[in-house]
Structure formats: structure tokens, C-alpha cells
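Accompanying notes for the structure given below.
In what follows, chains are A, B, ... by sequence order, proteins preceding strands, each numbered from 1. Below, all heavy atoms of this structure are taken into account, side chains as well, without hydrogens, waters or symmetry copies.
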Amino acid sequence: MRAYIEDIARHEGQEVTIHGWLHNRRSSGKIHFLIVRDGTGFIQAVMSKAAVGDEAFARADHLSQESSLSVTGIVRADARAKGGYEIDVARLEVHSEAHDYPITPKEHGPDYLLDRRHLWIRSERQTAILRVRHEVIDAVRDFFNSRGFILCDAPIFTPAACEGTTTLFPVPYFEDHTAFLTQSGQLYNEANAMALGKVYCFGPTFRAEKSKTRRHLTEFWMVEPEMAYADLDDVIALAEGLIASVVARVLDTRKTELEILERDASTLERITPPFPRLTYDEAAALLKEKGLPFQYGTDLGGTDETVLSEQFDKPVCITHYPASVKAFYMKPDPRQPDKALCVDVLAPEGYGEIIGGGQRLDDLDLLLQRIKEHDLPQEAFEWYLDLRRYGSVPHGGFGMGIERCVSWICKLEHVRETIPYPRMLYRLYP
RNA sequence: UCCUCGGUAGCUCAAUGGCAGAGCAUCCGGCUGUUAACCGGAGGGUUGCUGGUUCGAGUCCAGCCCGAGGAGCCA
């Protein structure tokens, strides 16, 4: 009977066949220990010379790492085994031998591994991370779907910058046209919210900044919800609910993976709403108190975010940034018009911003003024201005970077491990 | 674009300006409970590239290439 390693406990005492690959092999003369992986997990297959005969035993002695094979044998509980179970091999069938597999069971540098990312993802640690990524994405979708949000994706090819400031990737678009890869579905999301009420988009996002840090990818995945008839408090409550829900799901279904990653689950168990909130002014005062060289009126830097997030054991919401450091579409606070009704959520343990959003500017005249102030071409935004011409309402939303979120939940050193094929400043292969 | 660090065997790394080394991987041999198994043996080198200093350069100097971390930048 065919079985998967993740279900092996259900097959104790039965004879099963595992189809997979040889992860590692140890031998002790008349007994081989084959570590087999099948994509769902790892298990040790024990092969004794007495059980399989001299010929089969000798063949297994030369089996190389990552050769594809099927092992058949009885599942046995064993306290010495990592997952609690082993297979006593009765038959072993080799499908394809691998020669000189480049990723050996010893240390490798990041450059070497990234050049072989297509093979690196076979490792136990990388499969654990990619499983957590899958769970995070699934939890995000369930969260919005169960709350009446409609998935309504924004285009990847866009005609111009959503904002004038950031660097975009240009792509030729038939004769004489240049399209740009999206850096946000935000503006389209606003139009979709006016059509469908509560929407979200979820897709790849492209940033051509020459950022070279552990928090940056040039291609990453972002989920962006947007709600009509919503204010800043609604946006913050939604962000809290999303993060708490995603963390709870990973704790519920991916305990094994968190153990493989040596991630302390107790720090994640504290992630329940409400999250602490600080205004920009309060954050600035706190940074000054801590003796950081922070200049009031500027955006928070990487170090500032790290120090702030380390003050709390939950994600922290920073609101009311100066309007001047935020995007043109942010609504100013009526009580203090130099501040924006915006929120950034900083992940704990120094992981920095994972969510950015806020309430959108819904007044036509003020929006026109902001477009002028930011030196943006008004004609490119006529469709966006129509949303204010035809039944404008208070609305808002946010964007959450999936890789930064996974990186925090898994407590990784670098976001490059959270996506199957990372795209970075100097890396486009494989 | 700037700052810092790095590039030596397939991999991870040693080597005061004086014979190019170790562990792992590979190959051969040994071992019936190994957990990155262990023990014995063998093969494996254009020291990133170009030039310079020197009796002598992996090592010092200059330029370049590549990478890492950070800064700037970045919803």
C-alpha cells in the first residue's frame, strides 16, 4: 500500500511503500540506515543484510544522495527515531541514481545555495519554510473569504507609477509603448471596493529599488484588502485580526515545521489582539528617550523600527505619520491636518514593517491638490479621480508583505528563504 | 551609489613574506542501531582576474570582477 511519510503513524504495523528520494545514508557493515524523503517528510528506513539478502544489500551500499527510490516494508514505532517511526525495509527499488549531488550534508554558503536554489528547496529546513509559507497564504485567503471579501486582482502590467517616487521595472509593451510591473494594487483596489464593497487582491509585486538588505526582494507577494465605508480604526482592527488569525493557523497546523526551524512557539502564542498602538509623535518621543538620533518629521529608519518593535512582545501599530512622508492618497487627520490617517504594523523581534496602510483621501479637490504637489501627471490619474467624482465614500485598506510575515513567523535571518525563487538586486538565477 | 567584510580542493575553512593544509564530499576497505555516524587508506589546486614590489607573494600594493552584510532608498 502506498503511504506518505506525514501519515506514517496511521500505518503502524502495516507494510507500506514510500516513493521518494534518498536524503542521506549511514551504514554499519550489515545494517544500512537510509534517510528517505518523499516531499511530505523524512523517515529512516532500516535495511539489514539478513532481511534483504547480500545482493540487494550491496546495491544499497553505493546508493548516492538524492537518488530516487521506493522502499517497501513494515512501519514500526521506535523511540530512537526522529519522527517516532521507522520502516524495516523488505524491498528497495531504485528509479534513477543521482551522481555527485552538490548539496552535501555539511555547511554551504548562501551564494552557493542560492545558485542551486532549485535543489536547495529539497532540504528539510527549506521544505519546512515553504510549508509555513503555504499555510500563511492559505490562512490569509480563508481570513478574507470568510469575512465576505471578494478576491478582485489588480493588473500586473500598469500604465504608470502608482506613485511618482518609487522605481519601477519597465517592460516593452507592443509598438512604442512601455508598461511597468505593478508595485501595488492599491489604486485599482479602491475602484474595486467601490464596486464590490470589501475586496482584496493578492499577487506578485515588483520594486526596482537597489535595496540590499535582509528585508528586501525585487519580486515579492503582497495581499491588499480594501473596504468601502471604513475609517482608520476599521483598518487597524482588520490588520490585527489578519495577523492573529494567520499566526494561530500556523501554530495549529505547522508545529512540526516550527520545531524543525527551532522557532519558539510560545512567543507566537502571545500574538492576540489588541496590539499596542503608538502615534508617530509617541514613537518619536520613545526613540528620543532611547537616545536614538531620530529626526522628528522624517520617516522611521530600519534601526528605529527595530528598536520600537523590541519594546513590545506583540506587533505594534504606528499611526499618524507626518503627511509629508506618506503617499499622496493618504487622508489627512481632520484634527491635525499635517498628520495622515495611516498605520504601519511592525512585527516583533526586530522584523520591522509587515503591514502599511490607512484611510484614503476621499475629497476630490484635496486629491487634485496632492497630485499637483507630488508633481504627478493628472491625466494618468483621471480614472482614479472618477472614484471621487461619482459617489466618493470614506474607505481604507492595507498591504501585507507575505515574505516578511513568513520570515518573522519562522524567525529567519533573511527573507530570501521564504520564497521558492528569490529575486534580488544581483540575483535572477535560477 | 556609498561603507564594511570576504573570494584558497566539489563544499566549509586554515596557512608570521619561505614545501599548498584539514574536515566533509568522492573512490577503496572495516563495522548489526547509526542520528551532519564512526575507523583506516587513496585521488583531488591556474589560491577570483590583471599588473606591480620582492631573492621569493595565497600573504604586501594598485586596478578590476564577483558575493555577503549594512546605509541610502523602500506603502
Side-chain angles (χ1 to χ4, degrees), chain A residues 23-35 42-52 57 61-62 64-66 76 78-83 86 88 98-116 123-125 161-163 165-168 182-187 189 205-218 220 222-224 226 235 239 298-303 305-306 318 321 325-330 340 342-345 352-360 396-401 404 413-414 416 424-427:
Chain A
H23 180 67
N24 198 6
R25 177 174 50 81
R26 289 179 283 268
S27 179
S28 187
K30 296 189 180 64
I31 184 166
H32 293 317
F33 300 98
L34 309 174
I35 311 298
F42 294 75
I43 195 164
Q44 178 160 278
V46 183
M47 191 182 198
S48 73
K49 201 173 197 171
V52 299
F57 191 82
D61 201 22
H62 291 270
S64 51
Q65 201 188 344
E66 287 305 316
R76 175 175 45 76
D78 193 311
R80 293 168 293 191
K82 251 184 185 170
E86 292 184 338
D88 286 322
H99 298 291
D100 299 320
Y101 186 69
I103 302 178
T104 60
K106 283 282 174 178
E107 293 166 21
H108 301 282
D111 186 41
Y112 183 86
L113 290 169
L114 286 165
D115 278 341
R116 293 157 184 81
S123 75
E124 186 176 37
R125 186 181 159 79
C162 292
E163 301 162 45
T165 54
T166 47
T167 321
L168 301 170
T182 181
Q183 60 172 339
S184 166
Q186 152 86 48
L187 304 188
N189 247 356
T205 306
F206 306 89
R207 303 274 168 95
E209 292 107 22
K210 294 194 170 178
S211 297
K212 209 175 135 32
T213 82
R214 67 185 69 205
R215 299 182 303 279
H216 285 90
L217 297 170
T218 55
F220 62 98
M222 186 156 68
V223 60
E224 295 172 276
E226 190 75 24
V235 171
T298 62
D299 206 351
L300 299 174
T303 315
E305 287 188 356
T306 301
I318 314 286
Y321 282 67
V325 304
K326 286 291 174 182
F328 74 94
Y329 51 70
M330 291 290 188
C342 64
V343 57
D344 280 3
V345 182
E353 184 185 345
I354 53 171
I355 280 180
Q359 197 174 334
R360 320 304 186 187
F398 61 82
M400 182 173 84
R404 285 187 181 180
E413 288 295 312
H414 200 300
R416 64 191 166 202
M424 294 179 292
L425 182 50
Y426 298 117
R427 185 165 295 280

### Task
Using a 4.0 Å heavy-atom cut-off across all strands, classify His99(A) as base, sugar-phosphate, or nothing.
nothing
### Watson-Crick/G-U partner (both atom distances under 3.5 Å) of C64(B)
G48(B)
### Task
May I have the distance from Lys210(A) (atom NZ) to C3(B) (atom P), rounded to whole angstrom?
16 Å
### Task
For nucleotides C13(B) and A25(B), find the distance between their C1' atoms and express it as a whole number of Å.
15 Å
### Message
Would you measure the distance from the P atom in G43(B) across to the matching atom in G6(B) and give it in whole Å?
### Response
33 Å
### Task
Could you work out the separation of G52(B) and G67(B) based on their P atoms and round it to a whole Å?
28 Å
### Message
What is the distance, to the nearest angstrom, from the CZ atom on Phe33(A) to the P atom on A36(B)?
### Response
13 Å
### Query
Rounding to the closest angstrom, what is the interatomic distance between G21(B) and G44(B) at atom P?
13 Å
### Query
Checking all strands, does His216(A) fall into the base, sugar-phosphate, or nothing category for heavy-atom contacts under 4.0 angstrom?
base
### Query
Does the pair Asp344(A) and Lys326(A) meet the rule for a salt bridge (charged side-chain N to carboxylate O under 4.0 Å, His left out), with working shown?
CA-CA 11 Å; Asp344(A) 280 3; Lys326(A) 286 291 174 182; 3.2 Å; yes
### Task
Could you give the distance separating G56(B) and A20(B) at their C1' atoms, to the nearest angstrom?
16 Å
### Query
Just by distance, do the side chain of Arg25(A) and the backbone of His32(A) share a donor-acceptor pair under 3.5 Å?
no
### Query
So what does Glu353(A) hit on the nucleic acid, given a heavy-atom distance under 4.0 Å: a base, only sugar-phosphate, or nothing?
sugar-phosphate
### Query
Hey, does the side chain of Glu86(A) reach the backbone of Asp78(A) with a donor-acceptor pair shorter than 3.5 angstrom?
no
### Query
Between Ser27(A) and Asp61(A), which heavy-atom pair has the shortest distance, and what is it?
OG-OD1, 4.0 Å
### Task
Give His62(A) one of three labels, base, sugar-phosphate or nothing, depending on what nucleic acid heavy atoms sit under 4.0 Å from its own.
sugar-phosphate
### Message
Between the base of C73(B) and the side chain of Ser211(A), is there a donor and acceptor pair under 3.5 angstrom?
### Response
yes
### Query
So what does Arg360(A) hit on the nucleic acid, given a heavy-atom distance under 4.0 Å: a base, only sugar-phosphate, or nothing?
nothing
### Task
Have a look at Thr213(A) and say if it touches a base, only the backbone sugar-phosphate, or nothing, with a 4.0 Å heavy-atom cut-off.
sugar-phosphate
### Query
What is the nucleic acid contact for Arg76(A), judged by heavy atoms within less than 4.0 Å: base, sugar-phosphate only, or nothing?
base
### Message
Applying a 4.0 Å non-hydrogen cut-off, can you work out what Ser27(A) is touching in the nucleic acid: base, sugar-phosphate, or nothing?
### Response
base
### Task
Pick base, sugar-phosphate or nothing for Gly109(A), based on heavy-atom distances below 4.0 Å to the nucleic acid.
sugar-phosphate
### Task
Using the P atom on both, measure U16(B) against G33(B) and round to a whole Å.
44 Å
### Message
In whole Å, I'd like the distance from the OH atom of Tyr426(A) to the P atom of G7(B).
### Response
20 Å
### Query
Considering only the C1' atoms, how many Å lie between A68(B) and A62(B), rounded to the nearest integer?
24 Å
### Task
Identify the two heavy atoms, one from Lys30(A) and one from Phe57(A), that lie closest to each other, and give their separation to 0.1 Å.
C-CZ, 3.2 Å
### Message
Considering every strand and a 4.0 Å limit on heavy-atom distances, what is the contact class for Met330(A): base, sugar-phosphate, or nothing?
### Response
nothing
#### Entry: Spacing of the C1' atoms in C24(B) and A14(B) (rounded, Å)
15 Å
### Task
Send over the distance from Arg26(A) CZ to U34(B) C1', rounded to a whole Å.
6 Å
### Query
When we call it a touch if two heavy atoms are under 4.0 Å apart, what does Lys49(A) touch: a base, just sugar-phosphate, or nothing?
nothing
### Task
Assess whether one donor atom and one acceptor atom, taken from the side chain of Glu86(A) and the base of G33(B), lie less than 3.5 Å apart.
yes
### Message
I'd like to know if His108(A) reaches the base of C11(B) with its side chain, counting only an N/O donor and acceptor under 3.5 Å.
### Response
no
### Salt-bridge criterion met for Glu353(A) and Arg215(A) (N-O under 4.0 Å)
no
### Query
Are Asp111(A) and Arg427(A) within salt-bridge range, i.e. N to O under 4.0 Å?
yes
## Note on the structure
Atom OH of Tyr101(A) and atom C1' of A36(B) are separated, to the nearest Å, by 15 Å
### Query
Taking OH from Tyr112(A) and P from A25(B), how many angstroms apart are they, rounded to a whole number?
14 Å
### Message
Nearest whole Å is fine: how far is C66(B) C1' from Arg427(A) CZ?
### Response
11 Å
### Message
Expressed as a whole number of angstroms, how long is the span from Ile31(A):CD1 to G30(B):P?
### Response
17 Å
### Task
Select base, sugar-phosphate, or nothing to describe what Asn24(A) touches, counting heavy atoms under 4.0 Å on all strands.
sugar-phosphate
